[in-house]
Amino acid sequence: MFTSKRFALLGFFITFISLVPISISPALASVKATSVSPSATSFQTGTFRTFATAAQTFTNPSAALSLPVTANTAKTFFINNGGTINQTAITMTITAPAAGSITNLRNCPQGVLFATTITCVGGVSLTTNNPTSGVAKVYTINIPANTWYQFELTESKTGNATISVSVSSTQIVTFTQNS
């Protein structure tokens, strides 16, 4: 009888040891995780809202710009960033009036107006672009939130040019996540 009690006690201890966890489970460890740097875990949201307008404004028309143009006469328009996120590029599609073509597309630097045709205020240099009518083209320009660029468009035909602007998530300023 003494031997059977000994085996019963031994069996109890072996069962007890096999059921006791040897290490802390990952679920229990994650419950006890704490951040040592709260500033590294902050999150921020924002909007990227870029659009074309005939006059400089941050009011989004929510539609493509229909710009009246006269053949071989430069006409200005603005690309505005009315959002809260800085951008590194935009995609713009300019469609010329029927049977027309884009003769010239120029722009002054950020926040600089045209003084005269082909001249920016202060004599700063301008950029000449070569888009094709109706074809989307990426323009690599830094356009911080609440800023704008002025463009000057010359078409070969009189009518309305349509200017459409879009921004993709790859064209916004990225951020670094600390972990």
Side-chain angles (χ1 to χ4, degrees), residues 40-179:
T41 57
S42 65
F43 294 92
Q44 184 176 352
T45 61
T47 56
F48 46 105
R49 192 173 296 130
T50 303
F51 46 90
T53 56
Q56 197 287 306
T57 179
F58 290 119
T59 303
N60 187 352
S62 299
L65 172 63
S66 179
L67 186 70
V69 293
T70 303
N72 303 314
T73 302
K75 179 78 174 203
T76 61
F77 67 94
F78 295 85
I79 299 297
N80 302 282
N81 179 355
T84 59
I85 297 176
N86 300 341
Q87 298 164 13
T88 57
I90 60 167
T91 301
M92 183 166 42
T93 305
I94 301 173
T95 305
S101 62
I102 300 169
T103 307
N104 284 308
L105 179 66
R106 300 176 179 96
N107 67 279
C108 290
Q110 174 206 324
V112 177
L113 295 169
F114 277 91
T116 63
T117 304
I118 72 167
T119 307
C120 297
V121 170
V124 295
S125 62
L126 55 84
T127 302
T128 301
N129 307 284
N130 296 308
T132 302
S133 179
V135 177
K137 181 177 179 178
V138 174
Y139 294 84
T140 305
I141 56 175
N142 287 320
I143 182 164
N146 295 310
T147 61
W148 49 269
Y149 279 81
Q150 187 176 33
F151 283 78
E152 182 182 76
L153 174 66
T154 307
E155 299 275 351
S156 65
K157 298 283 183 182
T158 297
N160 287 326
T162 304
I163 301 160
S164 177
V165 179
S166 65
V167 177
S168 73
S169 60
T170 60
Q171 296 172 323
I172 62 173
V173 174
T174 57
F175 62 93
T176 303
Q177 177 180 350
N178 296 324
S179 55

Check: Out of curiosity, K157 NZ to N72 CG, how far, rounded to the nearest 0.5 Å?
Finding: 9.5 Å
Notebook entry, point to check: Could you state the interatomic distance from CG (L67) to CG (L153), rounded to the nearest 0.5 Å?
Noted result: 6.5 Å
Notebook entry, point to check: About how many Å separate CD1 of I172 and CG of N86, when rounded to the nearest 0.5 Å?
Noted result: 10.0 Å
Just distance, no hydrogens or angles: give the donor-acceptor pairs under 3.5 Å from side chains in residues 127-146, sequence neighbours left out.
{"unit_1": "N129", "atom_1": "ND2", "unit_2": "L105", "atom_2": "O", "d": "3.4"}
{"unit_1": "N129", "atom_1": "ND2", "unit_2": "N107", "atom_2": "OD1", "d": "3.1"}
{"unit_1": "S133", "atom_1": "OG", "unit_2": "A96", "atom_2": "N", "d": "2.8"}

Check: Can you check whether V69 reaches P97 side chain to side chain, under 4.5 Å on heavy atoms?
Finding: yes
Check: Is a side-chain donor or acceptor of T70 paired with a backbone partner of T158 at a separation under 3.5 angstrom?
Finding: no
Note to self: Measuring only between side-chain heavy atoms, which start at C-beta, is Q87 closer than 4.5 Å to Q171?
What the structure shows: no
Checklist line | Note, S168 side chain near T91 side chain (heavy atom, < 4.5 Å) | finding: no
Checklist line | Under 3.5 Å: donor-acceptor pair, side chain of Q150, backbone of C108 | finding: no
Item checked: Distance (rounded to the nearest 0.5 Å) between L113 CG and C120 SG -> 9.0 Å
Notebook entry, point to check: Where is the tightest heavy-atom contact between T59 and F51, given as atom of each residue plus distance?
Noted result: O-CE1, 3.5 Å
Next item on the list: Identify, with sequence neighbours excluded, every residue that meets side chain to side chain contact (heavy atoms under 4.5 Å, CB included) alongside Q56.
Entry: F58, F78, N80, W148
Next item on the list: Locate the shortest heavy-atom distance separating A52 from I79; write the atom from each residue and the value.
Entry: CB-CD1, 3.8 Å
Check: Less than 4.5 Å apart, any side-chain heavy atom of N104 and any of E152?
Finding: no
Note to self: Nearest 0.5 Å, please: how far is CG in N81 from OG1 in T50?
What the structure shows: 4.0 Å
Check: How long is the gap from CZ on R106 to CG on L126, to the nearest 0.5 Å?
Finding: 6.5 Å
Note to self: Looking at every non-hydrogen atom in both residues, tell me the closest pair between E155 and A161 and how far apart they are.
What the structure shows: OE2-CB, 3.7 Å
